[in-house]
Amino acid sequence: MSKPILQIRDFNVLFDTHDQEVHAVRNLAFDIHEGECVGIVGESGSGKSQLFLGALGLLTANGRATGSVKYRGKELLGLPQRALNKVRGSKITMIFQDPLTALTPHMTIGAQMMEALRTHQHVPYAEAQKRCLEILDLVRMSEARNRMGQYPHELSGGMRQRVMIAMATVCAPDLLIADEPTTALDVTVQAQILEIMRDLQKELKTAIVLISHDMGVIAGMADKVQVMRLGEVVESGTADEVFYAPKHDYTRALLDAMPRIDRPVREGHAILQPLSTIGAETQLLDVEDLKVYFPIKTGGLLFSKTKPLRAVDGVSFSLRQGETLGIVGESGCGKSTLARAVMKLIAKTHGAVVWAGRDLADLQSPDMRNLRKELQIVFQDPLASLDPRMTIGESIAEPLVSLRPELSRADVQDEVRSMMSRVGLDPAWINRYPHEFSGGQNQRVGIARAMIIKPKLIVCDEAVSALDASIQSQIVDLILNLQAEFGMSMIFISHDLSVVRQVAHRVMVLYLGRIVELADRNSIYEDPRHPYTRALIAAVPVPDPKAERGKPHVTLAGELPSPLDSRAQLTFLQSKVIDDPDAEQYRPRLIEVATGHFVAEHDAA
Amino acid sequence: MSASGIVARNTEVIERAFDIEGRSLWTDARRRLVKNRAALASIIVLSVIALVAIVVPFFWPYGYADIDYANIACAPDWWPGGDAACFAGGWHIFGMDQNGRDLFVRVLYGARVSLSVGVVATLVSLLIGVTYGAVAGFVGGRVDELMMRLVDVLYSLPFIFFVIILMVVFNQNFFLLFVAIGAVEWLTMARIVRGQTLSTKQKEFIEAARAAGLGTFATIRRHVIPNVLGPVVVYVTLTIPTVILAESFLSFLGLGIQDPLTSWGVLIADGKDHMETAPWMLIFPALFMAVTLFCFNFIGDGLRDALDPKDR
Amino acid sequence: MWPYAIRRVLGAIPTLLIIIALTFFMMHIAPGGPFDAQRHLPPEIEHNIRAAYNLDKPVWEQFLIYLGRLMHGDLGPSFKNHDFTVSQLIEVGLPVSAKLGISAILLAIALGISLGTIAALNQNKATDYGVMGLAMIGITIPTFVTAPVLALIFGIYGLHFFGHDFYLPAGGWNGGALANMILPITVLALPQVAIISRLVRGSMVEVLRSNYVRTARAKGLPNHTVILRHALRAALLPVVSYLGPAIAGLLTGSLIVETIFGIPGIGRYFVEGAINRDYTLVMGVVICYAAFVIFLNLIADILYALLDPRVRFA
């Protein structure tokens, strides 16, 4: 075998905090060889990001790295910055997670790329510009020449990440370290970015370190895998070894916790109750042609005009008692707005929301408050959704206090305690505050608050999206068990199609405020009809290296069009487009292709 | 150990399992503030100054307006410069002023005036600012835009000029001094409260409260006010020294407190006129004022660090 | 940018009108007038004087007359300095005040930014504590204390070393000689240096922790490029926002400094005019200052948008 490019031995990263010394990375040792892709997988707090920040001298002031990191035999640790800069950014480059904050906001894309190139290779300006354009083409950046003069905030998330990749590869490095490069991106964009990285690796023979929490992403990219936990590597091996014959319990637990879009049922976990066992055929909720528009000011020299942003644009569906409807779609598709409009947390522009035979629009505030007993919501960010100045007990009790004032204090306390133990929180913690808990525990608090009033419908708005896979799996189990016990209906909103597959009876796919496909979960995943649904499903990575290697990931090229452009909704029905961004356009109709399986009109592929 | 057991242990990061009573953010803040030595020392020094200013004049052998013609502008006995024209003797530990009055008791009276102007005018600004900012923040939309536009306009005015004109016009009315200074200082308070209200209003826990069926008023009382309080408290501690400065500034120009009553600004103005022959007349009031302002600023900084959410 | 600037200038006109009206009516509603303090004049003479200055007409009519004259750039005669018009007085005083104020603000910005950056780069080290300690002193000790104390030290006691005496003039203008400017500018700039350096330190510390500075370092850029090109520009944004209040603070300070150092600027006119009820002079000075403040606020807003491409002129 060839000599390693990077040799890490006996490597530690330590941080001084006010209370104690935190050992973020412990006694690491591994090699990276030319042209290979090493995946490093771990949950938050595993030290996977600090590892390479430490190796390249990028730790915060209170951190330090010890041990040995050799680049082609040359020790990097302890090198003076001037010498280190000969390697850093030139031979070893990095891509960071959040491309918006990772690019300097007041410098153009071109300036930032050229700067990297001209610092390390003293090429003349025109030559540097040519090289930057070439590399932008390579990462499939449209209109590369114009982009060079744009600022980061003028680009979409996917475009920015392409710029990051271009910037990191423009010096033709030996080793590219990608730290969660696709975590903040939508799945279809993620698939595009991963494919670009795969192609770059083939073309430039660059070795890649891919750091990710997502076993699926790792499976599709990595030749070798290191599994990290609490600063240590617990398992390492080739991708096939780690995925098909995991030796360590933690690896098995991680794989087991990963939701898989190709499997509706996770063994050993709670399962979704079939609708028939929950019983009733009662129609609870009926949403009719719901529209929510936001007025958006668009520039003008002296006068600004407003355009409606059609966040939700004519959505109809119904929900039966005990049923879970999954709503999926990428950012900006209107899924959260839809949920809030259904709960009357924001005002609708048009349409009707009928709950148990009564239109919510007609309800005045006392009746509406009564109705709140039946409708509850669980939010995405567990910490943000809890008042930091209230104990978790007070937060959980809030719906009881406001909606059932007849209860005595003692009764409320009893209810809170029993609900806390039901959702897996120690009732003794009743007087603790949210900042004293982890994200998973706070999400249990959020669920307890929603459940304490025994509602008939719970909306889960990305309720598990911010959590690590293992915690996510526990919370999904909790939600499914609670549903089996209490029989409430649910609207489960997520961008993650794999999770939705496990929790929803029916699934609705939204695209720019409109339904593109609505069907029961097996039909939608096994027989998707709409090209957008197909693209979404193809883009989801599966923690199965063999399956990942074989399948095409990108079936949807390009970017999400601007929702202010009225043509955008007709992306899949180009034959009906009127070529004017402000024109009133044709609305694709929903067609029932099989019983209960609705697909929006679209051009044949 | 089972796989899920490992995962569970991994996630349970709560070490203090026996610490049943939670630490609220206020408890945390108090702990951090007490650990901040500069802030703690400032609180103590400030309390001593306030206490002495309130109590000591009652026992002091000289009144603030008592004139001793024999000892005009005399140095305290311990004054190191041998070139002083005369030494006052007795309990005149800070020496005498240009009219033969005891400087120590006058500095204490100055403290009474300056501190009370500081506190009262700050309360005025607090009242106006919180109301205005909270209304703008809650109501939002057009109203907010209009109200904040007005604040922007007022911000761009050289406001101290209006205060000066006001003071001139209404003959240095003491009560008006509070109102005038408070009326200037409310602008920043309004901005802070409005910004904080707006950001709190957008937090998910407010939406959660609405979903829990809480009415608007209850939401404000239970969730918004407690979360807006922190920055307001910090700003109040930083407003008091600004107000004390403004009052002294006016008094210095001869537009504030009138003789024989006094404030630090008046004393400093007198001291400036005699600084060549009687430097103690400038040094003592200036020192007291500087120490007081220092203390307020240290407390404000300490409070801000203690309440800073980033540190959590 | 230009349509924005034009819109802002047009928007400033009502603001200026409000200021003029407010000042005018406040001064005229007050009991007492400009000629009260003078010896008792025979009634007919007093009547003639009042008529000459239009003081016998209703206040609103006086206001309209004043506005009408203002349109032609006429600020009226000074009530107290009988031989001069307000325009003449301001023509003499404004350059003096402007020279002082602009030097002070430029000095404050340059020094404040440098000190703040140095402190941020040495966060929690002795240099940092030293600079921030000095800044705290600059903020807490008011201008009217620093001015006499500095005048005492440099002007009267003088500095003595190597057998030489060093003195600075403790007052006077002397046609704007450098030696006469040093103390007033120092006193004026000191609090602003302190505030700006604290602002810069705070924002710089934050920017240095930001992801894009980490990216710049990861690109292998030399340290000075990272700081000057990537960090400093973003760290300056709070300073630009602070420019408006800084100007206001500077004007306040100039009242003191001009009075203490005996500098013939318009700040001194204002204080004297207010106390003597020289209506027209006070009005003239207020209009000058207000226009200046509004103009600088506009500059600050434009500067902000130029520094941060995310802000659009709206």
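Atom set for the values below is all heavy atoms of this structure, side chains included, hydrogens, waters and symmetry mates excluded. Chain A is the first sequence line, chain B the second, and so forth, proteins listed ahead of strands; every chain is numbered from 1. Since the structure is predicted, the reported quantities are computational estimates derived from the model, not experimental observations.
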Item to check | A:R72, CZ: over 12 other non-hydrogen atoms inside 6.0 angstrom | outcome: yes

Checklist entry - Which answer fits A:E115, side chain, backbone, both or neither, if we ask what part of it has an atom under 4.5 Å from a heavy atom of chain C? => result both

Checklist entry - C:L208 versus chain A, heavy atoms under 4.5 Å apart: side chain, backbone, both or neither? => result neither

Item to check | 4.5 Å side-chain heavy-atom contact, A:F96 and C:N211 | outcome: no

Next on the checklist: Does atom CZ (A:F15) have a neighbourhood of more than 12 heavy atoms from anything else shown, all under 6.0 Å?
Outcome noted: yes

Next on the checklist: Keeping C:T215 on the side-chain end and A:L103 on the backbone end, is there a donor-acceptor pair under 3.5 Å?
Outcome noted: no

Checklist entry - Non-hydrogen atoms of chain C under 4.5 Å away: do they reach the side chain of A:H120, the backbone, both or neither? => result side chain

Checklist entry - Mind checking which of residues 227-241 of chain C sit less than 4.5 Å from chain A, heavy atom to heavy atom? => result C:R229, C:H230, C:R233, C:A234

Checklist outcome for this item: Of A:T104, A:T119, A:L58, A:V87, the largest count of non-hydrogen pairs under 4.5 angstrom with chain C goes to A:T104

Item to check | Nearest-0.5 Å distance that lies between atom OH in C:Y212 and atom CG in A:L100 | outcome: 11.0 Å

Item to check | Distance-minimising heavy-atom pair for A:M94 and C:A218 | outcome: CB-CB, 4.5 Å

Checklist entry - So which heavy atom on A:P105 is nearest to which on C:P309, and how close? => result O-CG, 3.3 Å

Next on the checklist: With a 4.5 angstrom heavy-atom cut-off, is it the side chain or the backbone of A:Q112 that approaches chain C, or both, or neither?
Outcome noted: both

Next on the checklist: With rounding to the nearest 0.5 angstrom, report the OG to NZ distance, A:S90 to C:K219.
Outcome noted: 13.5 Å

Checklist entry - So, do C:P222 and A:R82 sit near enough that their side-chain heavy atoms are less than 4.5 Å apart? => result no

Item to check | Pairwise side-chain contact, A:Q81 with C:R217, heavy-atom cut-off 4.5 Å (strictly under) | outcome: yes

Item to check | Interface moiety of A:L56 toward chain C, non-hydrogen atoms closer than 4.5 Å | outcome: neither

Next on the checklist: Given heavy-atom pairs under 4.5 angstrom as the criterion, report whether the side chain, backbone, both or neither of A:I177 touches chain C.
Outcome noted: neither

